2 protein chains.
Amino acid sequence: MTARTPADDAPDGVVHVDGVAGRPQGRESGREIPEATVARLPIYLRALTSLADQGTDTCSSEDLAAAAGVNSAKLRKDLSYLGSYGTRGVGYDVAYLRYQIAREIGLTQDWPVIIVGIGNLGHALANFSGFRSRGFSVVALLDADPQRHDELVAGLPVRPFDDLERIVAGQGVSIGVIATPAVAAQDVADKLVACGITSILNFAPTVINVPDGVDVRKVDLSIELQILAYHEQRKAIPATAADGGLDEEVTA
Amino acid sequence: MTARTPADDAPDGVVHVDGVAGRPQGRESGREIPEATVARLPIYLRALTSLADQGTDTCSSEDLAAAAGVNSAKLRKDLSYLGSYGTRGVGYDVAYLRYQIAREIGLTQDWPVIIVGIGNLGHALANFSGFRSRGFSVVALLDADPQRHDELVAGLPVRPFDDLERIVAGQGVSIGVIATPAVAAQDVADKLVACGITSILNFAPTVINVPDGVDVRKVDLSIELQILAYHEQRKAIPATAADGGLDEEVTA
DNA sequence: CGGTGTGAAGCGGTTCACAGCT
DNA sequence: AGCTGTGAACCGCTTCACACCG
């Protein structure tokens, strides 16, 4: 929840088990999963897919953690929020765990997505195969520029932005991607929200404001580079004021 | 530091002031800035640029926080790590603060960057104007596919991957962008590191391993969508097993 | 015995609330 | 009087270490 939602830490009150009591595994329906954990589930999913592809059918938390680039304690803690899907002394069944994570994220269904702003980046996103292969399908491309209309991009015609409402309603779209220039982003976001979109992935280099209940995630290319630059700059300083050590040559 | 660096929380030991004592403002050279703060500095920088463009020359922490999409307490705390660049009872001088942040991030110099993998995404990145305008210049485009060599993208010829070492050494490049397919990413990363690159921005949907001292940041498009899907799925559940409420229809 | 699942400790970041400067 | 700068409380995430189970 990027859009200010400290409100959803509502206590569950009586956690009513949603089936027969004494289930061996699985998680009660309403349990809260920490945001940091949610952000890693897709990584585990990918790692599991990779393991499955190379023929592994069982793995330890250590194995999976290595494949996902985290430490095993964190991995086990994360998985424990979903339920007990491992076997003590053995490990995890790759296919089974993979399914459970996919279900938790909501990838057992297909999510229709629209992309607004078909410039260089919009093109690349429309052609990105990783979306479709992970349960998302790009159902429409929109652009305000009439010159681009009906041009085919990744097999889809670019449509006028005014078609937004019809498309969203007709296809039941709840996720929108903004790949417009910064100046247009807030306006586009407002219209997406007005049409009923409740999740936005924003590539425009600007902060967008949305009402409560709408999630925004942003991907900002130049910010990532700036963060790297900060660290890079510090590396460049000969002996970064660390612990004494070699400051004999300071005056050299 | 994405690449496991709990090692760099080395204590500063004696913090030797780098000039005359009793400076009115400014920060001793070696002070640690929290990673979370570093990640927000580029946002503040952008907000300040935006304020400057619209003619504002002074702003309060409240104003700037609103423009950056954070709360003012966090903003003031963040800025306090840099030094005391505001005036109590007045606020911040936009141009001055902007310069100080830019200097802190290391944007007073220009950073040469190379992009490896000139597919759809690589194209978009090469053409992305936000890099150049923020102190980065793309100095070379590399691709393993001979068919693409010498093709002009954003005014630069695509060069064979084997030219890597010559380019990095010749241009003093320390930041590399990976926009290759996942299978190639680890191999490319290894070669970048071998040539002396110490910061990597990875767009390939895979975990890459690098030695200590090398920073990696990743941008993963489908992971962002998956995180949105998780929250979207939960919104869809009528009354998310919150506090009792309407579970009459459970058996319906 | 081996590896999962988890309470408890530790740590970093956020928020609060106010002292202190202009 | 107003707004910054900051100690202190608070909160959530990570790490540790081990009980527990197959």
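This one's a predicted model, so the numbers in the text were calculated from it and none came from an experiment. The sequence lines fix the lettering, A, B, ..., with proteins before strands; numbering per chain opens at 1.
- The separation between D78(B) atom CG and dT6(D) atom P is 13 Å, rounded to whole Å.
- With respect to E32(A) and R234(B), a salt bridge is recorded, a charged nitrogen being found less than 4.0 Å from a carboxylate O.
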Write out a two-atom table: protein N or O, nucleotide N or O from nucleotides 20-22 of chain D, distance below 3.5 Å.
unit_1, atom_1, unit_2, atom_2, d
dC20(D), O2, R88(A), NH1, 2.9
dG22(D), O4', R88(A), O, 3.4

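- Distance CZ (R76(A)) to P (dC13(D)): 19 Å, rounded to an integer number of Å.
- A straight line from CG of L97(B) to P of dT4(D) spans 11 Å, rounded to a whole angstrom.
- In summary, the side chains of R46(A) and S222(B) do present a donor paired with an acceptor at a separation below 3.5 Å, with no hydrogens or angles considered.
- Aromatic ring centroids of Y96(A) and Y99(A) lie 6.0 Å or more apart.
- Note on N71(B): a side-chain N or O is less than 4.0 Å away from OP1 or OP2 of dT15(C).
- Atom P of nucleotide dC16(D) and atom CG of L75(A) are separated by 15 Å, given to the nearest angstrom.
- At whole-Å resolution of the value, CG in L79(B) and C1' in dT14(C) are 15 Å apart.
- For S80(A), the side-chain atoms get nearest to dG5(C) when compared with the rest of dG5(C), dT4(D), dG13(C).
- Side-chain contact check for T108(A) and R103(A): no donor-acceptor pair (N or O, by modelled atom type) lies under 3.5 Å.
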Could you pull out every donor-acceptor pair under 3.5 Å between side chains of residues 62-69 of chain B and any protein atom, sequence neighbours left out?
unit_1, atom_1, unit_2, atom_2, d
E62(B), OE1, S72(B), OG, 3.4
D63(B), OD1, S60(B), OG, 3.4
D63(B), OD2, S60(B), N, 3.1
D63(B), OD2, S60(B), OG, 3.2

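- A salt bridge between K235(B) and D215(A) is present, with a side-chain N of the basic residue lying under 4.0 Å from a carboxylate O of the acidic one.
- A salt bridge does not link D78(B) to K74(B): none of the charged side-chain nitrogens sits closer than 4.0 Å to a carboxylate oxygen.
- For the pair K77(A) NZ and dG12(D) P, the interatomic distance rounds to 14 Å; values are reported in whole Å.
- Straight-line distance from the CD atom of E32(B) to the P atom of dG12(C): 11 Å, rounded to whole Å.
- Rounding to whole angstrom units, NZ of residue K74(B) and P of dA17(C) are separated by 17 Å.
- Using a distance-only test at 3.5 Å, with no hydrogens or angles considered, a donor-acceptor pair links the side chain of W111(A) to the main chain of G106(A).
- Counting only distance, with no hydrogens or angles, the side chain of E224(A) and the backbone of K218(B) share no donor-acceptor pair below 3.5 Å.
- Within the 4.0 Å cut-off from OP1 or OP2 of dC13(D), not a single side-chain nitrogen or oxygen of Y81(A) is found.
- Residues from residues 38-66 of chain B lying near DNA chain C, meaning a heavy-atom separation below 4.0 Å, are R40(B) in numerical order.
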